[in-house]
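Some notes on the structure that comes next.
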Amino acid sequence: MAEFIEKLNAVQGQIKEAAQKVRRDPASVKLIAVSKTKPVEAILTALKAGVRVFGENRVQEAAEKFAVLRETYPDIELHLIGALQTNKAAEAVAHFDVIQTIDRPKLAKALAKEIKKQGRSPRLYIQVNSGKESQKAGVMPEEVKAFYKECTAVYGLKIDGLMCLPPQGQDPRPYFIELKQQADCLGLSHISMGMSSDYPAAIEEGATEVRVGSALFGARPL
Ligand SMILES: *Cc1c(COP(=O)(O)O)cnc(C)c1O
């Protein structure tokens, strides 16, 4: 517990510092605690420390871990930050409050159908493949506008934000700047960018949500 609180304080301190550097209100940056691969006990520690916003990358794992926790902590906000298969759209809509990884028409269509059917409406973000990496999910940067239009006009989805995961081992800042511009251009207020290694830079460039895992929970097994 003490160790987690120490890490949480450090991250919150850095968030505040980065926000103040560019004259932003630190409260305008939401910390998403990325608890993927971590056991329920670790999440419980975070909950006891006051954390309510979590990120998970697998639908099944998240559903299993959070079902019980939600009974005790109904104000949990759960974000899906990993690739979503179309055949898991129903489960994703049922279990997540935010789905950050919409990146293809087939998935948009499946989500639209489930949202209607279940009467649940998670917040939805488009994932952008900022570095145009072949192994990564996401819409190509030049296709974001057209895909956004398709999601809204064809599938009737309300898109609330953009998310990106820039290439590793490069300065992420140009990618953060680009994502911020794209979000502004589309009038989207949720900008999810920045992880343990680069969240201060992401905040300086306009992130409204940072996804921090290892800096809070320690390293993950590979
Ligand atoms: C795992 C993951 C994170 C958190 O990574 P850390 O480096 O541990 O902070 C953030 N975003 C996505 C999409 C992830 O998969």
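Sequential numbering from 1 along the given sequence is applied to the chain's residues. Counting starts at 1 for both ligands and their atoms, in listed order.
Judged by distance alone, the side chain of N9 and the main-chain N or O of E6 form no donor-acceptor pair under 3.5 Å.
In this view, F66 and F54 satisfy the ring-ring contact (aromatic ring centres under 6.0 Å, His included) rule, not counting sequence neighbours. Residues satisfying the ring-ring contact (aromatic ring centres under 6.0 Å, His included) criterion with F217, sequence neighbours excluded, are F4. With sequence neighbours excluded, the residues forming a side chain to side chain donor-acceptor pair (under 3.5 Å) with H190 are Y125, E209, listed by chain and number.
Sorted by chain and number, the residues within 4.0 Å of ligand 1 by heavy atom are V34, K36, I81, M163, L165, M195, S196, R211, V212, G213, S214, R220.
A salt bridge does not link E114 to R120: none of the charged side-chain nitrogens sits closer than 4.0 Å to a carboxylate oxygen.
The environment of K136 atom NZ is dense: over 12 non-hydrogen atoms of other residues, nucleotides or ligands sit within 6.0 angstrom.
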